[in-house]
Amino acid sequence: MSNQKPQRPTLTGQRFKTRKRVMDEKEKFDPTQFQESIIQGLNQTGSDLEAVAKFLDASGAKLDYRRYAETLFDILVAGGILAPGGTLSDNMIRTDVCVFTAEEDTETMQAFSQVFNKLIRRYKYLEKGFEEEIKKLLLFLKGFSESERNKLAMLTGILLANGTLSASILNSLFNENLVKEGVSAAFAVKLFKAWINEKDISAVAGSLRKVNMDNRLLELFPANKQSCEHFAKYFTDAGLKELSDFVRNQQSIGARKELQKELQEQMLRGDSFKEIIPYLKEEMKKHGISEQTMIGIVWVSVMSPVEWNKKEELVTEQAIKHLKQYSPLLAAFTSQGQSELTLLLKVQEYCYDNIHFMKSFQKIVVLFYKADVLSEEAILKWYRDAHVAKGKSVFLEQMKKFVEWLKNAEEESESENEDG
């Protein structure tokens, strides 16, 4: 009976043998053999990048790309295996079918970017290895010639634009030695030109924000030169004004956030307006913040810390009491008509976005008028044509009687002046 049992292990064993044979076929290559196979194949393509892409696609089935990813990318970029520091290893065969020996122009680098795109799309597991390779190459920049750096910068910018690389690779450019010798900033100029040429500044900005690089670009310079002014001059002179403007805006956003945080802390401590107002005006000068922007910061700081009542009939009374207290602070930053309109729009949007405040709008505006935070000109201008769509019909109806009163008061005042 035992001799008639089915021999299931035999079938399983055959499967393992098949897998092992494929693995053995790849494992027999060592780095030297791998390098020789790749370089020989590249040399046979005769610099035809379409043929290069096809060769790399087919070779992945026979050569162990997963194990020798670094060797593969070294060869494709530099023509051979790179020693620490960025020089080509001695006594090794090389190829001229690589980025560093190619023509230094956009069209050629775009063609090379397609080689990398196709390779990584075909062998998805190479994606991480490729990012690590680029990070390494950026750290080796001092070991490359100026022309090699330029080509690598152009290629990297194009690959960032088409999404093959993440902007996190830029972290390597903040290396102290590269920054100190000006290599990082010069490389960044070429890189961002290629990137923006492929996309636009808003796409570049989005990619930088995604990996929290948007506020770190000043680090391309040594600590004593990490200012918006120095960055703006360097990159504007290099033809990248849109990048300069982006960084300036990012720094301004950062400064505004810090300022709002500090203002809220001052209010929490109970600092007097005599202390707060001069401090805010000094910060406005220091960071180039307009009065329109500042009134927005003050409004948010005044309104955000409060636990508001959920009942409409009670929240209005609570808001009026609270805002009356802070009217002198708000009035300090509505010396211009545009700032007054900015505040009016902030109030309109706040009352619309916070449903319990829908009936409070008119009372807040009247309070601000009586406290000299808002002028009648600003209120009339808002009513006529400067309001936004949010809650428009409700708020215009609320304001109707007060606006009529303002108009009548204005007419009476004009009449008295004429009589006088």
Side-chain angles (χ1 to χ4, degrees), residues 69 73 76-77 99 105-141 149-175 178-179 183-221 226-228 230-232 234-257:
F73 291 129
L76 291 173
V77 173
V99 173
D105 60 64
T106 301
E107 191 178 342
T108 305
M109 290 305 108
Q110 284 171 334
F112 261 102
S113 79
Q114 286 306 307
V115 171
F116 288 107
N117 281 339
K118 288 173 184 175
L119 178 61
I120 290 165
R121 278 204 306 267
R122 177 70 177 84
Y123 300 103
K124 194 73 177 167
Y125 57 79
L126 287 174
E127 193 172 327
K128 190 173 188 306
F130 185 53
E131 288 217 348
E132 291 306 312
E133 174 74 11
I134 296 295
K135 288 177 188 176
K136 179 190 81 173
L137 292 171
L138 297 188
L139 292 173
F140 287 174
L141 285 178
R149 287 201 291 261
N150 288 345
K151 291 169 200 171
L152 182 59
M154 291 162 71
L155 176 69
T156 306
I158 294 164
L159 291 168
L160 283 163
N162 63 33
T164 304
L165 290 173
S166 158
S168 60
I169 57 104
L170 298 176
N171 197 54
S172 293
L173 290 179
F174 304 140
N175 173 273
L178 296 175
V179 168
V183 175
S184 292
F187 185 87
V189 166
K190 293 283 184 185
L191 182 151
F192 278 108
K193 276 188 175 178
W195 192 354
I196 293 168
N197 185 54
E198 295 290 314
K199 292 286 188 179
D200 57 30
I201 191 61
S202 58
V204 171
S207 298
L208 292 170
R209 287 193 190 100
K210 204 172 179 181
V211 291
N212 298 316
M213 282 284 167
D214 49 320
N215 289 315
R216 296 194 61 194
L217 295 184
L218 294 186
E219 293 175 46
L220 290 167
F221 297 99
Q226 285 180 17
S227 68
C228 256
H230 181 78
F231 186 99
Y234 186 93
F235 281 90
T236 301
D237 289 350
L240 283 166
K241 185 178 183 299
E242 57 265 70
L243 185 66
S244 301
D245 292 342
F246 166 71
V247 167
R248 196 187 293 279
N249 186 50
Q250 287 301 111
Q251 292 300 306
S252 177
I253 290 169
R256 294 200 296 265
K257 283 180 181 174

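What you see is a predicted model; the values in this text were computed from it and never measured.
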Listed partners of [X] passing side chain to side chain donor-acceptor pair (under 3.5 Å), at least two apart:
X	answer
Glu131	none
Thr106	none
Asn175	none
Asn162	Thr164

Minimum heavy-atom separation for [X] and [Y], please, with both atom names.
X	Y	result
Arg149	Val183	CD-CG1, 4.1 Å
Ala167	Met213	O-CG, 3.9 Å
Ser172	Leu139	O-CD2, 3.7 Å
Ala185	Phe221	CB-CE2, 3.7 Å
Ser244	Phe235	OG-CB, 3.5 Å
Met109	Lys151	SD-O, 3.5 Å

* **Verdict with supporting geometry, Leu138 and Leu178, side-chain contact (heavy atoms from CB on, under 4.5 Å)** => CA-CA 9 Å; Leu138 297 188; Leu178 296 175; 5.5 Å; no
Heavy atoms, side chains only, cut-off 4.5 Å: are [X] and [Y] in contact?
X	Y	result
Leu240	Tyr234	no
Phe246	Asp214	yes
Gln251	Leu218	yes

Atom pair [atom1] ([X]) and [atom2] ([Y]), whose distance is rounded to the nearest 0.5 Å:
X	Y	atom1	atom2	answer
Ile158	Gln114	CD1	CD	9.5 Å
Phe192	Leu217	CZ	CG	5.0 Å
Phe130	Tyr125	CZ	OH	15.0 Å
Leu159	Ile120	CG	CD1	7.5 Å
Ser166	Glu127	OG	CD	9.5 Å

* Audit row: Leu173, Leu141, side-chain contact (heavy atoms from CB on, under 4.5 Å) steps and yes/no -> CA-CA 9 Å; Leu173 290 179; Leu141 285 178; 3.8 Å; yes
* Carefully, step by step, assess Ser168 and Asn171 under the rule side chain to side chain donor-acceptor pair (under 3.5 Å). => CA-CA 6 Å; Ser168 60; Asn171 197 54; over 6 Å; no
* **Residue pair Ser113, Leu155: steps toward the side-chain contact (heavy atoms from CB on, under 4.5 Å) verdict** => CA-CA 6 Å; Ser113 79; Leu155 176 69; 4.0 Å; yes
* Tell me, which pairs form a salt bridge (Lys or Arg N to Asp or Glu O under 4.0 Å) where one or both residues lie in residues 239-251, sequence neighbours left out? -> Lys241-Asp245
* Can you tell me which residue pairs pass the side-chain hydrogen bond (donor to acceptor under 3.5 Å, both in side chains) test with a partner in residues 184-199, sequence neighbours excluded? => Gln110-Glu198
* Asked: Between Phe73 and Leu137, does a side-chain contact (heavy atoms from CB on, under 4.5 Å) hold up when you go through it step by step?
  -> CA-CA 10 Å; Phe73 291 129; Leu137 292 171; over 6 Å; no
* **Identified side chain to side chain contact (heavy atoms under 4.5 Å, CB included) counterpart of Phe116 within the set Ile134, Leu76, Leu126, Leu165** => Leu76
